[in-house]
Structures are given as structure tokens and as C-alpha cells.
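Working notes for the structure below.
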Amino acid sequence: MADDDKRRDDRLPVLWHGTLTTEDDQEFPCEVRDVSHAGTLITCDADVAMGQHLLLSIDNLAISPAW
């Protein structure tokens, strides 16, 4: 991998299933492939324009408190 291809944050590989919801309430199934502090890598068959606001819902994801 070239130096300019390296991301600033480490990425955690995952395989989570979820739904992307667009601003006009269209829903599309998706897969989250990795996560980092800066974002996620998501695959989806939807034709989503760059810069469009999306809501990501991840199925059966439980976050435990850090205490």
C-alpha cells in the first residue's frame, strides 16, 4: 500500500447488516465492512449521490456502557 493510501485512523473490519435511509425516506439494505473514528465503509446497491444525508441503522447492534 502506498503511503498516500494509508488512513489516519485504524479501521476495524466488521460485517454488519443494516439499512440506509435517504432524506426522502427510501430504504436500502446495506453491509458495513469496516469502521473507524472517522467513518465507515458501507456497500449498498442504492444509487446515492455524493453529499446526500443518510441515516444508517445497524441490525442487532448492541453497545455496552463503558463503565
Side-chain angles (χ1 to χ4, degrees):
M1 174 183 329
D3 285 337
D4 57 350
D5 289 341
K6 292 182 181 176
R7 307 278 182 165
R8 182 180 318 196
D9 296 314
D10 290 335
R11 294 180 166 266
L12 174 67
V14 297
L15 182 54
W16 296 335
H17 299 278
T19 304
L20 284 178
T21 304
T22 63
E23 294 172 329
D24 59 353
D25 292 326
Q26 292 182 356
E27 294 184 346
F28 301 96
C30 67
E31 289 184 343
V32 179
R33 299 301 183 114
D34 70 36
V35 295
S36 73
H37 287 287
T40 62
L41 173 63
I42 299 171
T43 58
C44 184
D45 289 334
D47 187 20
V48 178
M50 189 67 105
Q52 183 175 3
H53 290 109
L54 302 169
L55 175 66
L56 171 62
S57 302
I58 300 172
D59 302 335
N60 301 315
L61 182 66
I63 304 295
S64 59
W67 60 76

Practice task
Decide yes or no for L15 and R33: does some side-chain heavy atom of the first lie under 4.5 Å from some side-chain heavy atom of the second?
Solution key: yes

Completion exercise
Residue set satisfying side-chain contact (heavy atoms from CB on, under 4.5 Å) with A38, at least two apart, ordered chain then number -> D9, S36

Problem - salt bridge (charged side-chain N to carboxylate O under 4.0 Å, His left out) pairs, two or more places apart, involving residues 43-54 - result: none

Practice task
Mark yes when over 12 heavy atoms from residues, nucleotides or ligands other than D59 sit less than 6.0 Å from its CG; otherwise mark no.
Solution key: yes

Problem - All pairs passing salt bridge (charged side-chain N to carboxylate O under 4.0 Å, His left out) where residues 15-29 contributes a residue, at least two apart - result: none

Practice task
Please report the shortest heavy-atom distance between C44 and P29, naming the atom on each side.
Solution key: SG-O, 3.3 Å

Practice task
Quick one: pull up CG in L56 and CD1 in I42 and give me the separation to the nearest 0.5 Å.
Solution key: 4.5 Å

Completion exercise
Taken to the nearest 0.5 Å, the spacing of Q26 CD from L20 CG works out to 11.5 Å

Handout entry: Residue among I58, V14, L41, T43 satisfying side-chain contact (heavy atoms from CB on, under 4.5 Å) with E31
Key = T43

Exercise for the section: Starting at OG1 of T22, measure out to CG of L54 and round the result to the nearest 0.5 Å. Expected result: 7.5 Å

Handout entry: Interatomic distance, T21 atom OG1 to H53 atom NE2 [nearest 0.5 angstrom]
Key = 14.5 Å

Problem - Within one Ile-Leu-Val-Met-Phe-Trp-Tyr cluster: V32 and V48, side-chain cutoff 4.5 Å - result: yes

Handout entry: Heavy-atom side-chain contact between D34 and T40 under 4.5 Å
Key = no

